Structure formats: structure tokens, C-alpha cells
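Remarks on the structure that follows.
All ligand and atom numbering here is 1-based and tracks the order in the structure. Not measured: the values here are computed from a predicted model. Atoms considered below: every heavy atom in the structure, side chains included; atoms not considered: hydrogens, waters and symmetry mates.
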Amino acid sequence: MTDIAKNLKEIGNQIEKTAKRWERQAQDVTLVAVSKKQPVEKIEAALEAGQRVFGENRVQEAQQKWPALKDRFSDIELHLIGPLQTNKAKEAVALFDVIQTVDRPKLARILAEEMKAAGKTIPVYVQVNIGEEEQKSGILPKDADAFIESCRTEHGLDVAGLMCIPPAEEQPAPFFAMLARIAARNGLEKLSMGMSGDYQIGVQFGATSVRVGTGIFGEREG
Ligand SMILES: *Cc1c(COP(=O)(O)O)cnc(C)c1O
């Protein structure tokens with residue numbers, strides 16, 4: 001078994017254990033393997049181990065790696081987990097299967113237009129700046145309800161859930177709990193929260209997807 005296959009198995013086991021302990025179903029938690037800045041050989045190792053859901057944070061980098069891999073391996077599900085510029089929306093709609101980072105009205109509008117033009121509907125998540133940090137993207141918690149509503153009614157987007165990255169220096173649990181509350185009161189089922197360092201906490205608080213990069217692939221290049 002490769003290291004990557006081992007890591008995937010171990011993380012899968014942890015998710016299963018944590019889900020069970022907190023009265024959840026492990027199959028309700030999707031492991032998104034974050035492959036940004038990882039060499040193609042490592043991604044291939046994950047694919048060969050059976051992993052099919054991946055996350056990338058830059059459209060351009062994903063365009064270089066994924067079309068060829070999507071040709072070779074079936075059923076790949078690619079999530080955009082990084083900030084999206086409106087001038088890349090068309091490319092993002094063409095390549096990604098889920099866009100987790102809808103964070104402002106202009107992006108919502110342009111994504112809706114590009115999906116219409118491409119004749120497809122891609123589920124999106126609204127990114128919430130749950131710690132109200134200046135350097136982070138995401139809609140502020142106090143603006144989340146109105147933004148979700150306008151994504152749905154004004155733009156007709158298929159809003160499936162919420163995503164957040166809590167402040168690095170604080171305990172993530174209260175932020176995950178808050179994201180879950182915002183999702184619940186807006187009738188949203190999907191919660192993308194938890195990374196290599198805190199994915200088990202994400203699972204405890206209701207994550208339906210966790211985004212794990214270095215925990216699977218090791219340190220990133222560059
Ligand atoms: C890079 C990244 C991750 C993965 O981080 P790790 O600590 O390597 O697991 C998760 N989510 C987002 C939004 C990222 O940009």
C-alpha cells in the first residue's frame with residue numbers, strides 16, 4: 001500500500017469512528033482530498049486507492065491537472081474550495097462539479113449567468129467568514145441569511161450548503177456550531193468544515209464534507 005492509500009484509509013477510519021461516537025452515519029461525511037499544489041503522481045495514487053472527490057483552490061491550476069485525469073478515471077467529483085474571480089467563472093463552471101466559495105452578490109450573479117449559458121446547474125455552497133476576519137473571504141454571518149435568499153430567488157442558484165474556514169488561532173468548535181446553526185435556519189443540508197488539523201471536530205459538529213490536504217498527500221510544493 002502507498003503512503004497515500006494508508007493515509008486515506010486512516011482518515012476514513014477516523015471519520016467512521018467519530019461519526020459513530022456522535023450518532024452520525026459515516027456515509028453522510030464525504031472526504032474531499034485537497035490536491036492543490038500536489039504533484040500528479042500523488043493524485044494518481046489517491047485515485048488508484050479509490051478516492052474520487054477532490055478539492056482545488058485555483059481554477060488555472062485545476063485546469064492544468066484535471067481534464068486529463070477526468071478522462072482516465074471515471075466518477076471524479078471536483079470541488080472548488082478557493083476564492084473565485086468573476087473572470088474565471090466560465091472556466092470554473094466548465095470544470096468543477098461543486099463550487100464551495102460563493103461569497104458575494106456579483107459572483108452569484110455571474111455564476112448563474114455562466115451556468116445558464118452552459119446549460120447546466122452546479123450545486124454551490126455559500127462561504128461564510130465565520131470568524132469575521134478581515135483577510136478571509138466569505139459573507140459575514142449577519143449577512144448570510146439575506147445572501148442565501150438572494151442566491152436562491154434572485155439568481156436561481158442551487159445552494160446546497162455552507163463552507164467556512166475558522167480562525168487559525170482559536171478553537172474551531174464554536175465556529176463550526178455557528179455554521180451549522182446558519183445552515184439549519186436556512187434549510188441547508190451540506191456543511192463543509194474541517195481540514196487536516198480539525199476534521200474530526202468538523203464531523204462532531206455535523207460536517208457533511210471535510211477538506212483534507214496535507215493529512216493525505218503530505219506537505220505541498222511551492
Ligand atoms: C488548502 C485548503 C485545505 C486543506 O488544508 P490542509 O491543512 O492541508 O488539510 C482545506 N480547505 C481550504 C479552503 C484550503 O484552501
Would [X] and [Y] pass as an ion pair if we require N to O under 4.0 Å?
X      : Y      : result
Glu10  : Lys6   : no
Lys20  : Glu16  : no
Glu133 : Lys136 : yes
Arg52  : Asp97  : no

**OP:** Look at atom 3 (C) of ligand 1 and find which of Met195, Gln38, His79, Lys37 reaches it with the closest heavy atom.
**Re:**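 Nearest option to atom 3 (C) of ligand 1, by heavy atoms: Met195.
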Original post:
Counting heavy atoms only, which of Leu80, Thr101, Ile81 is nearest atom 13 (C) of ligand 1?
Top reply: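 Looking at heavy atoms only, the winner is Ile81.
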[X] heavy atoms, cut-off 4.0 Å: which ligand 1 atoms fall inside?
X      : result
Gly213 : 4 (C), 6 (P), 8 (O), 9 (O)
Thr214 : 6 (P), 7 (O), 8 (O), 9 (O)
Val212 : 9 (O)

**OP:** Among Phe73, Phe54, Phe96, find the one that has a ring pair (Phe, Tyr, Trp, His ring centres under 6.0 Å) with Trp66.
**Re:**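 When Phe73, Phe54, Phe96 are each tested with Trp66, the ring pair (Phe, Tyr, Trp, His ring centres under 6.0 Å) holds only for Phe54.
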**OP:** Heavy-atom distances under 4.0 Å are what count here, so tell me which part of Met163 touches ligand 1: side chain, backbone, both or neither.
**Re:**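 Only the side chain of Met163 comes within reach of ligand 1.
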Of all the non-hydrogen atoms in the protein, which one sits nearest to [atom], and at what distance?
atom                    : value
atom 9 (O) of ligand 1  : Ser196 OG, 2.4 Å
atom 15 (O) of ligand 1 : Lys36 NZ, 2.6 Å
atom 11 (N) of ligand 1 : Arg211 NE, 2.8 Å

Subject >> ligand 1 to Asn57 polar contact by distance, N or O atoms, under 3.5 Å >> reply: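 Checking ligand 1 against Asn57, no N or O pair falls under 3.5 Å apart.
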Subject >> N/O separation below 3.5 Å, Ile165 to ligand 1 >> reply: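 There is no such contact.
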**OP:** Would you mind reporting whether Met163 and Arg211 have side-chain heavy atoms less than 4.5 Å apart?
**Re:**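 Touching, per the 4.5 Å side-chain cut-off.
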**OP:** Compare all side-chain heavy atoms of Gln200 with those of Val203 and state whether any distance is below 4.5 angstrom.
**Re:**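 No, side chains not in contact.
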Original post:
Parallel, tilted or perpendicular: which fits the ring planes of Tyr125 and His79, with parallel below 30° and perpendicular above 60°?
Top reply: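 The rings of Tyr125 and His79 stand perpendicular, inter-plane angle above 60°.
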